[in-house]
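See structure below.
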Amino acid sequence: MTSLPPGSDQGGSAERPVPLVCARCGAPAPAPHPATWTCSVEDGAARYFCAACSRDNLRAIEGRLDSNWW
């Protein structure tokens, strides 16, 4: 039988959500995170883009171009 390390899931404090900001323009996301934002995984890291940046770069996003190409 394997036991959990001390404090791993035994009433510890809940993690706070990480504030979400647009990777392109830096706009903060309102809480809760809106469904209109786009998530892109680039080089193994998730990058989030606000609705305005997503709209402005829709063709590049659909063409699967990394955001450094926009």
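Just so it is clear, the model here is predicted, and its values are computed rather than measured.
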Seminar exercise, completed: side-chain contact (heavy atoms from CB on, under 4.5 Å) test vs T38 passes for just one of S54, C22, C53, C50, namely S54
For this session: Decide yes or no for L20 and W37: does some side-chain heavy atom of the first lie under 4.5 Å from some side-chain heavy atom of the second?
Result: yes
For this session: Would you give the length of the straight line joining atom CZ of R24 to atom CG of N57, rounded to the nearest 0.5 angstrom?
Result: 5.0 Å
